[in-house]
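This report refers to the structure that appears directly beneath it.
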Amino acid sequence: MIDLRLLRDDPETVRLSQRARGESESVVDDLLRADEQRRSAVGRFEALRAEQKQLGKRMPRAEAEEKAELLRRTKELSAEVKAAEAAVTEADATLRRAQYAIPNVVEEGTPPGGEDDYVVLREVGAKPEIENPRDHLELGEGLRAIDVERGAKTSGSRFYYLTGVGALLQLGLLQLAIAQAVEYGFVPTITPALVKPESMEGTGFLGSHASEVYRLEADDLFLVGTSEVPLAAYHSGEILDLAEPARYAGWSSCFRREAGSYGRDTRGIMRVHQFDKVEMFSYCRPEEAHAEHLRLLGWEEEMLAKVEVPYRVIDVAAGDLGTSAARKYDCEAWVPSQGRYREVTSTSNCTTFQGRRLNVRYRDEQGRPQVAATLNGTLATTRWLVPILENHQQPDGSVRVPKALQPYLGGRDVLEPN
RNA sequence: GGAGACUUCGCCUAGUCUGGUCUAUGGCGCCGCACUGCUAAUGCGGUUGGGGUCUUAAAGCCCCUCCCGGGUUCGAAUCCCGGAGUCUCCGCCA
């Protein structure tokens with residue numbers, strides 16, 4: 001949720017942000033009104049409550065006649081206080097709803113517009129020259145690494161088995177990611193994949209992405225779509241020491257319903273209901289967030305370099321940011337069979353938006369608690385197998401193994417079909 | 001799944017039976033000051049968090065906060081109901 005002080009002091013910034021996202025500006029005025037109403041309700045309640053407490057203090061010492069008088073007044077007050085309190089509760093709820101209706105304020109410099117209005121920041125690495133490239137599924141089946149038929153048999157479409165070198169490749173990739181994260185001081189973390197509603201809510205995934213989320217109704221739990229969720233909720237309600245950013249690298253399976261993506265990426269493991277991921281997550285001081293964001297992007301690029309895959313970096317446009325993000329950079333890897341770049345990482349600066357919802361704070365120089373900024377970024381996912389297999393394929397259907405992954409595949413430098 | 005115990009302002013803890021003087025006790029830690037010729041000891045003071053109001057800002061004042069939500073009452077840390085979490089024991093089980 002956004003900062004109410006910012007809203008009061010500078011509502012125009014919030015309106016501009018809404019415009020850049022292509023979203024409603026009237027919700028800004030709704031929120032301003034709700035804020036005003038809550039404050040006046042609080043004022044009424046507190047005045048009544050103060051009187052009630054004053055009179056209550058005299059009660060034990062009061063003599064018979066005074067006592068009767070006091071009782072009469074305090075009985076009235078009791079009802080008034082109760083009503084005023086109910087009004088505050090309602091105003092709080094209205095305010096909260098209005099606050100939840102507004103996504104994070106976009107960072108200055110974010111390209112305006114929608115999904116197609118991204119800006120390409122750079123392209124890195126040479127695209128391989130491959131004649132009639134096989135796609136990742138054909139390669140994966142040849143290597144007996146990917147089995148979507150049996151995935152569909154047991155679980156339905158968009159499920160798969162990784163077997164043999166496929167399993168080793170994924171485990172190697174994820175371990176490489178964890179190793180890199182540890183090298184840079186991240187705390188490697190294996191997270192819960194099921195979370196409570198407030199954790200899901202606090203991360204901002206029950207807004208526009210609600211239909212993407214698996215819910216276990218019998219237990220009122222949600223399956224996470226990314227370990228960002230349990231990592232963000234990890235320190236909820238806490239006051240952290242953020243002299244240095246607190247960095248976690250989460251390893252978890254991720255679950256997505258992919259509602260509304262019927263017909264898109266139906267082949268192979270490009271878009272699936274369940275996959276594994278190593279995710280970087282940082283808590284830091286707000287003034288440090290911008291620099292931290294660029295660091296996360298740098299670490300993503302370092303991982304892409306290790307798997308020797310060409311990619312480009314895009315600056316995602318405001319309308320495609322998602323609820324919590326103020327700025328987002330995606331790395332897209334080259335996929336030869338499709339002749340285009342496809343998203344393999346995404347790093348978001350959520351500024352204090354999640355921190356405020358989840359109540360994560362730190363102490364500033366004066367020792368006062370302040371809301372922490374949060375950031376996240378992908379270090380490796382199952383989807384990475386697609387560009388890895390395709391870019392390193394050879395005409396006979398074998399696949400070269402990037403040097404960094406070789407130790408995880410028993411030292412092999414080539415995977416042969418069998 | 002069954003039974004019981006517990007949850008207090010960073011940590012530990014008093015208070016709950018018997019509602020008002022709880023504006024929540026004490027210790028530890030932490031911060032400041034004083035003193036002592038060293039970073040030790042001692043003394044004094046401070047130390048939950050959120051919100052409102054006022055203000056350039058701070059201070060002040062007020063409200064909320066004793067796990068959460070209801071209820072009883074003029075008044076709830078305290079009594080009642082519901083929920084969550086932790087622990088112990090029993091049962092079942094990978």
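In what follows, chains carry the letters A, B, and so on, assigned in the order in which the sequence lines appear, proteins first and then strands, with residues in each chain numbered from 1. Small disclaimer: the values here were computed from a predicted structure and weren't measured.
- Looking at A/Gln52, its side chain has no donor and acceptor atom pair within 3.5 Å of the base of B/G75.
- Per the geometry, CZ belonging to A/Arg49 stands 18 Å off C1' belonging to B/U53, to the nearest Å.
- A/Lys328 and A/Glu107 are not joined by a salt bridge, as no carboxylate oxygen comes within less than 4.0 angstrom of a charged side-chain nitrogen.
- Pair assignment for B/G75 gives none, since no Watson-Crick or G-U wobble pairing has each distance under 3.5 Å.
- Residue A/Arg38 places at least one side-chain N or O under 4.0 Å from the OP1 or OP2 atom of B/G52.
- For B/A14 and B/C6, the P atoms lie 12 Å apart once the distance is rounded to whole Å.
- Look at A/Arg363 and you won't find any side-chain N or O under 4.0 angstrom from OP1 or OP2 of B/U47.
- Checking A/Arg38, A/Arg33, A/Arg39 one by one against A/Glu36, the salt bridge (Lys or Arg N to Asp or Glu O under 4.0 Å) holds for a single residue, A/Arg39.
- The side chain of A/Lys82 places an N or O atom within less than 4.0 Å of a non-bridging phosphate oxygen (OP1 or OP2) of B/U72.
- Salt bridge absent: A/Arg21 and A/Asp320 never bring a charged side-chain N and a carboxylate O closer than 4.0 Å.
- Nucleotide B/C87 has B/G4 as its partner under the Watson-Crick or G-U criteria, with both atom distances under 3.5 Å.
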Exercise for the section: Check the pair A/Tyr214 / A/His273 against side chain to side chain donor-acceptor pair (under 3.5 Å), numbers first and verdict last. Expected result: CA-CA 10 Å; A/Tyr214 282 103; A/His273 288 309; 3.2 Å; yes
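- Separating the C1' atom of B/C22 from that of B/A84 is a span of 27 Å, rounded to the nearest Å.
- For A/Ile239 and B/G10, the CD1 to P distance is 9 Å, given to the nearest whole Å.
- Under the Watson-Crick and G-U wobble criteria, each requiring two contacts below 3.5 Å, nucleotide B/G60 is paired to B/U53.
- In this structure, A/Glu46 places its CD atom 8 Å from P of B/C63, rounding to the nearest Å.
- Counting only residues at least two apart or on different chains, the side chain to side chain donor-acceptor pair (under 3.5 Å) pairs with a member in residues 182-199 of chain A are A/Tyr184-A/Glu302.
- Distance check on atom C1': B/U8 versus B/A24 gives 8 Å, rounded to whole Å.
- Rounded to the nearest Å, the gap between the P atom of B/U18 and that of B/U78 is 14 Å.
- Within the 4.0 angstrom heavy-atom criterion, only backbone atoms of the sugar-phosphate kind lie near A/Arg8; the bases stay farther away.
- Rounded to whole Å, atom P of B/G51 lies 12 Å from atom CZ of A/Arg39.
- If you take CD of A/Glu238 and P of B/G50, they are 15 Å apart, rounded to a whole angstrom.
- Rounded to whole Å, the C1' atom of B/A77 lies 25 Å from the corresponding atom of B/C61.
- Rounded to a whole angstrom, the distance from the C1' atom of B/C87 to that of B/U72 is 31 Å.
- Under the Watson-Crick or G-U wobble criterion, with both distances below 3.5 Å, B/G29 is paired with B/U47.
- Nearest-nucleotide assignment on RNA chain B puts the 5′-proximal partner with A/Asp35, out of A/Asp35 and A/Ala50.
- The number of heavy-atom neighbours closer than 6.0 Å to CZ of A/Arg73, taken from other residues, nucleotides and ligands shown, is above 12.
- The side chain of A/Ser78 contributes no N or O atom lying less than 4.0 Å from OP1 or OP2 of B/U73.
- B/U86 sits 32 Å from B/G75 when the C1' atoms are compared, rounded to a whole Å.
- For the pair A/Lys53 and B/C64, the criterion of a side-chain N or O lying under 4.0 Å from OP1 or OP2 is met.
- Base pairing analysis places B/A14 opposite nothing; no Watson-Crick or G-U wobble pair with both distances below 3.5 Å involves it.
- Spacing between atom CZ of A/Arg44 and atom C1' of B/G52 amounts to 13 Å, rounded to whole angstrom units.
- Annotation: B/C92 and B/G2 have their P atoms spaced 15 Å apart (nearest Å).
- For the pair A/Arg150 and A/Phe159, the cation-pi test (distance below 6.0 Å, angle within 45°) is failed.
- In this structure B/A34 sits in a base pair with B/U42, meeting the Watson-Crick or G-U test at under 3.5 Å.
- One interatomic measurement links the two molecules: CG of A/Asp92 to P of B/G52, which rounds to 10 Å at whole-angstrom precision.
- In this structure, CD of A/Gln54 is placed 18 Å from P of B/G20, rounded to the nearest angstrom.
- Checking the phosphate oxygens (OP1, OP2) of B/G50, a side-chain nitrogen or oxygen of A/Arg361 falls inside 4.0 Å.
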